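Lettering of chains follows the sequences in order, A, B, ..., and the numbering in each one begins at 1. Just so we're clear, the structure is a prediction, and the values are computed from it rather than from any experiment.
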Amino acid sequence: MNLLEIRNLHAEVEGTEILRGVNLTINVGEVHAIMGPNGSGKSTLAGVLTGRELYTITEGEILYKGKDLLAMTPEDRAREGLFLAFQYPVEVPGVTNAYFLKTALNAIRKYRGLEELDAMDFLKLVRSKLKLVDLDENFLNRAVNDGFSGGEKKRNEIFHMAVLEPTLAILDETDSGLDIDALRIVADGVNSLRKPENAMLVITHYQRLLNYIVPDIVHVLVDGKIVKSGSKELAIELEQRGYDWVRETTEV
Amino acid sequence: MVTHSNETNILQWYKEQFQKFASRKNGESEKLRFQERLTALDAFLERGFPHRKDENWRFTNIQPITRQCFKIADRIGSVPENVLQQHFVEGAYHIVVIDGIVSDTLSDTIPSITVGSVLRVINDYKEHSHLQNFKPLDKTNSPFVLLNTAFFVDGVWIEVPDNVELMQPIQILFITTDVDTPTAFFPRNRYSVGKQASVTIIEKHTSISLGEYFVDSYTEINLGEQASLHYTRLFEEGNRGYHVNTTRIEQHRLSSLTSNVVVLGGALHRNDFVVSLAGEQCSSELRGLSFASGTQLIDHHTLIEHNYPHCKSTQLYKAILDGKARGVFNGRIYVHPQAQKTDAQQSNKTLLLCDDAMMHVKPQLEIFADDVRCTHGAAVGQLDATQLFYLRSRGVDEVSARTLLTIGFANEALEGIEHLPVRTQIENVVTRKLEH
């Protein structure tokens, strides 16, 4: 069964149409990459998938595990296994990383009929996950992303992902603002979470990230539409020839 | 005209109450004190209750207090043991004040310091005039302080001798019992922390009354040279309780004060907090958290008087307002000409959970020295939509996400509370109130 099926998705922000008929199917075990120039609709797609209120869907549908995704609240989408690693992770002063994550994890577990974790079991779980992204334990007691460096924020997102173990993870420009060392840490973390029973959608502007997180399929999003799909080599070609090449070759 | 006659009536009421009160006080050992009561009463009758035309009371409607004839408390009720235990925090000495009177039987004795009933201490120390009295009466004080001076019966006296460091906090529980008629209480406390002494005092003001009552409390605190005081106050009065509190703190050279005030309950709460920095290199760290819902009103007036050079004061007052609640923050900083190198900061942040709630903020900086650093800032806003979405996108439901963010907002104002059981108690009350 398809994990995610986007059919002819149209979405707008304040009356401006951003997505103009996106079609995309993702199966479990696959890693898809979406590349595209600035303003092509990449982040809008991530926002629509996770249920951000900014966007209005004007046409189309999204099936996730065969269910109508657009009818679900953001929290239910998360509980069904959807996760977004934010392009700009949000600072939440006054709320510790540990407290937030424990609340989130237990909300998800409860939804799935699993027993909630107590403080001890939770700590045991998160300690091992911190190591994946090389974060110190004191990050647990710091307020969520508050005063974190750019690299720390991105690593914290992957840490959350590791704890929540999503079925479909969307990584929105996870490489932006990272130096090469941080990029490697983040990518290693992501790769270790890659499993046959889950899937990922990697959104990026540059091909660089895809050297580390190697996708099965690459899509090119231009002006709110997927105009080209192919193997990972497409990303390299795109990097060499630029987005104008795609525009030219697809216009009939 | 109607207002005027009502006002005359209420003043007449307190005049009559005083006569009854005085007949009970007939045996008061100390003539001087009685004279001061009379002077205070006369000054009060002359001034009357504050009016909304008074700049200091512009946003605070005290009609619930002035339109009611409160009986002066003349009996001590009882509080069930389990209720006391509920309010006690772990790891602290407990002092219990019921209906304005210190209960010796329910209070702990504390080694190496003097603590107990103000009345008893005053009587015991008759010979030492410096211990007998509060600051001399100042007729320009707020009418509520005058009223307290006239009617006070008891309160808590704490005296920490020089060089004594008390590791375990002192918790004082002020609790009013069920009243059949609207009743007024006038507790009056005096804490004195000696040179190089250090102490943590935690006050909790609450009630088991469902009826209408009015607490007019007054506290005087003196910090000796290099003394240190951690002072936490939690006001959780009943739904029909009105509390007007005035606290005056005098700090001497190199002393440090950490003050945390949390107001969660009561229909009307007014807090006047005055810190006078009376020596060089003092530090005062003030934090406040108010959480009002329904038609509650919570008003904080602070005054930091920088009289000497090289002192530092910081203020962070936060308010969470829900329903049709009103909040007031008036932060006054007065820097005298000689108080060079003053560092004074003030910040007020308000979270509005509802469109009908309203906050009035007034920073009031009066600076007469030229080499100082004084800053102030105020912000009023709502929960951040991006933060809310971030939390929800990780599986937290909307209500829980709102609670989490609101607690997060409050946390910054609770950071100064070092005794963890108190902080936990406060966080629990805030959470409960949010879930309502």
Hits for salt bridge (charged side-chain N to carboxylate O under 4.0 Å, His left out) against B/Arg332, two or more places apart or cross-chain, chain-then-number order -> B/Glu366

- Query: Does A/Arg77 use its side chain to pair, donor to acceptor, with the backbone of B/Gly395 at less than 3.5 Å?
  - Reply: no

[X] atom [atom1], over 12 foreign heavy atoms within 6.0 Å:
{"X": "B/Asp355", "atom1": "CG", "value": "no"}
{"X": "B/Gln85", "atom1": "CD", "value": "yes"}
{"X": "A/Lys195", "atom1": "NZ", "value": "yes"}
{"X": "B/Lys433", "atom1": "NZ", "value": "yes"}
{"X": "A/Tyr55", "atom1": "OH", "value": "yes"}
{"X": "A/Glu14", "atom1": "CD", "value": "no"}
{"X": "B/Asp356", "atom1": "CG", "value": "yes"}
{"X": "B/Glu415", "atom1": "CD", "value": "yes"}

Side-chain contact test, heavy atoms from C-beta onward, threshold under 4.5 Å: evaluate it for [X] versus [Y] and give yes or no.
{"X": "B/Ile407", "Y": "A/Val95", "value": "no"}
{"X": "A/Arg52", "Y": "B/Thr386", "value": "yes"}
{"X": "A/Val163", "Y": "B/Arg394", "value": "no"}
{"X": "A/Pro93", "Y": "B/Gln387", "value": "yes"}

Closest approach of B/Leu404 to A/Thr103 (non-hydrogen atoms, all atoms of both residues):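 Closest approach of B/Leu404 to A/Thr103: CD1-OG1, 4.4 Å.
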
Looking only at heavy atoms, the pair that brings A/Ala78 and B/Ser393 closest together is CB-O, 3.3 Å

Open item on the list: Let me confirm one number: the CZ-OG1 distance from B/Arg392 to A/Thr50, rounded to the nearest 0.5 Å.
Closed with: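 These two atoms lie 11.0 Å from each other.
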
Between the CD atom in A/Glu91 and the CG atom in B/Asp384, the distance rounded to the nearest 0.5 Å is 10.5 Å

inquiry  = In terms of relative ring orientation, are A/Phe100 and B/Tyr390 parallel, tilted or perpendicular, with 30° and 60° separating the classes?
reply    = tilted

Part of [X] within contact of chain B (heavy atom distance under 4.5 Å):
{"X": "A/Asp146", "result": "neither"}
{"X": "A/Tyr99", "result": "side chain"}
{"X": "A/Glu80", "result": "neither"}

Please flag which part of [X] lies under 4.5 Å from any non-hydrogen atom of chain A: side chain, backbone, both or neither.
{"X": "B/Glu412", "result": "neither"}
{"X": "B/Glu398", "result": "both"}
{"X": "B/Leu391", "result": "both"}

